[in-house]
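A short write-up of the structure that comes next.
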Amino acid sequence: MQSKRIDDIYEIHVVSRFDSNTSKEVEEKIEALMDKEDCTKILLNFSKTEYISSAGLRGLLSALKKGKTKGIRFALCTLQPYVQEVFDLSGLTQFFSIYAVEDEAIKNLA
Amino acid sequence: MRIGGLTFRLILLIFTSTALLFTFLFFYSYRFSRRTIEEKAEENARYLVSSTVNLIESVLNPVAKVPETLALVLANNNIQQVHIYDLLIETVMRNPEIYGSAIAFEPYSYQPEEYFFAPYYYQSEYQVKMSYLGGEDYNYFIQDWYQIPKLLNQTIWSEPYYDEGGGNIIMSTYSVPLYRWEDRRRFFRGIVTADISLSWLREIVSSIRIYETGYGFLLSQNGTLITHPNSAYVMNESIFSLAEVREEPALREIGRRMIRGEEGFTILENSFFEDHTFLAYAPVPSSGWSLGIIFPREELLSEVSRLNRIVLTLATMFFIVLFASVLFISRSVTKPIRALAGATGEIAKGKLDIQLPLVRSNDEVGLLSASFTSMTQDLRAYIAHLKETTAAKERIESELQIAHEIQMSMIPKIFPPFPNRVEFELYAVMEPAREVGGDFYDFFFLDEDHLCFLIGDVSGKGVPAALFMAMTKTLIKAQTEKGIHPRDILQRLNQDLSEDNEASMFATIFCAVLDVRSGEILYSNGGHNPPALMRTGGRVMFETIDPGTVIGIVPDFSFPGGCIILSPGDAILLYTDGVSEAFDKQGNIFTEERLLKVLEGSLDNPPEKLVDTVVREIHMFSEGVEQSDDITLLALRYWGVGGKR
């Protein structure tokens, strides 16, 4: 799982299968970024993520919840159809800033 | 010592190689030393033969000179009878090696009236005696010593003979023809002789001693044995007569060579001269005799044999010592290995507590022993650890089994649940992926006419999900009261679960209340899959509903409400994503579309059959794949107050 910095945004490419086996890994990765002092914005890139389970969702929610207490802004981008459907069905789309393309997400976060 | 064991193989290897090496060296040394000794022996034999021949010649030659001188003197002078006697006496007295000497005249040539005239002087017991040869019983003219030189006109050593008339001894006579010169013409007058006793010759030849049984022998011109250790042969046998009797052509051939005056060295086999003997021979030129020296090869090689015996004895001792030391070394080397083998055999049987034999040595065996010790310790620790973890696993498994029973007892499982209600049929099933799961369903009457039914899915699986599920289900039951709208149930539940939800656990719930009199369903959704509706007349579809959001995450969220009207015969199916997202071997998911198809094919089935059909389809789809998520289904078919027709 790669992470890189674009201006003041930290971007993470989320794993291809985001389930109970990988959720801890993703969670820790996000938390590690949030522990950085200069971290105020995090972009989660789902371009490679083909599957997300409820356990993955829980891990994501847990991390984002901690980030919110620190005032960190999140954005999600390039959700694949299945992932998008999971977000839609669970009604979580309304609580996140979700963008179709990476550049749009970066522009809106900046 | 075990056949095939290390000790045995070590000894076999060392012995075989050493024995081969030793045998090679032994035979090489044997051949080499034998050849050396044989060469040396031949050289010695040749030298011995030639020196003995010289010795014989040194006697024969001076003897021969005497009658030759005598003949010369007589040829040139007209000698008187007295003078002849003086000459002969002088000759015999002055030459002790000459046994006797005679001057034998032709018939009537010395005195016209005398047929025989041959004065002969000879030695007899320290004095010189005289006799006249010739008479009626001894006609010397036909004797070899007289006839042959006369005919050949040359000096000659006669064949040895036993002189009965003369000295009664074995002798050989050197005969010199005597001539008289008249008008430069030579007339034969007689023979001058010198006899030589062969007893001295026998002494000389018999003095030849080679090793134990080696000996010399002398052959005459005819091959007669002149001297031989076996005195019975002397003068009685010739080499040819012996060859004839013994049928030994090789012996005859050697005899021929010898009397031909050849010199040589040969090896005789199975002959008159014993087995395997060497024969060296050389001529005695002046007399035409031949000297042979026999020496048995066995004795000649006795040095070699003795050396071989010593070598063999030493080798035997060497092999005994070698055997003992190899045995000792290999046993001391293999002792720890054998002990180790025994101990490891016990270990293999599972006796890990066995004490391995202590090997202090720094070699490979020591290392092996140390490794084994370390291995058994590790094995013991590993087994102990395995026992602990197995015990812990068993404990957890039994606890999980109990938890499973508790969880299953939390959801209603008696069908039909309300046997006296005709307005609807209901069936539900829950199959956890593990012992316990996060799915649940429930149904109960809020009052006489209102049935609350719901399905839920907690994030994740296993024990955490099960705990959250238990809490969720209990809280739902606690919220419900007569006349409550499902969205209020979810709202209150969300409020309770959102507080102190550190782990961000959440549940998706579809909650509905059916008015059994009218068929009206009021529902609210908390992020769950929309239900499938099966209308009478063949239409199956997923109801389009507001998703709301998952429960337990967003406090103060207002859950949406909705309404569905069921006509008699219509059915509604609630399911969790364990159904639509079941995987097959290739990693494909079951999908909602496939679920719809199954439902279309099972349209008129009662709820129990409907649910079982779906479950069977999922199991067929996922055959050979471990169930990844809990599978939960709840089906309700509405019949209205009139009941099923």
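On a predicted model such as this, the values are computed, not experimentally measured, just so you know. Throughout, a chain's letter reflects where its sequence line sits, starting with A, and its residues are numbered from 1.
Among the candidates B/Asn525, B/Val550, B/Asp457, B/Asp546, the residue making the largest number of heavy-atom pairs closer than 4.5 Å to chain A is B/Val550. Ranked by heavy-atom pairs shorter than 4.5 Å toward chain A, the options B/Gly527, B/Gly438, B/Ser628 are led by B/Gly527. When each of A/Ser20, A/Ala55, A/Gly91, A/Ser90 is checked for heavy-atom pairs under 4.5 Å with chain B, A/Ser90 comes out on top.
With A/Tyr82 as reference, A/Tyr51 is the one residue of A/Phe18, A/Phe87, A/Phe46, A/Tyr51 to meet the ring pair (Phe, Tyr, Trp, His ring centres under 6.0 Å) rule.
Under the 3.5 Å distance criterion, the side-chain polar atoms of B/Ser622 are left unmatched by any main-chain donor or acceptor of B/His619. Side-chain atoms of A/Thr49 come within 3.5 Å of backbone N or O of A/Val15 as a donor-acceptor pair.
Of the atoms belonging to B/Val554, it is side-chain heavy atoms, and not backbone ones, that fall under 4.5 Å from chain A. Neither the backbone nor the side chain of B/Ile545 comes within contact range of chain A, judged by heavy atoms closer than 4.5 Å. With a 4.5 Å cut-off on non-hydrogen atoms, A/Glu50 does not touch chain B at all. Proximity to chain A is limited to the backbone of B/Glu502, based on heavy atoms less than 4.5 angstrom apart.
A donor-acceptor pair shorter than 3.5 Å can be found between the side chains of A/Ser47 and A/Asn45. One side chain, A/Asp88 or A/Gln84, offers a donor N or O that lies under 3.5 Å from an acceptor on the other.
With respect to the salt-bridge test (charged N to carboxylate O, under 4.0 angstrom), the residues A/Asp35 and A/Lys66 do not qualify.
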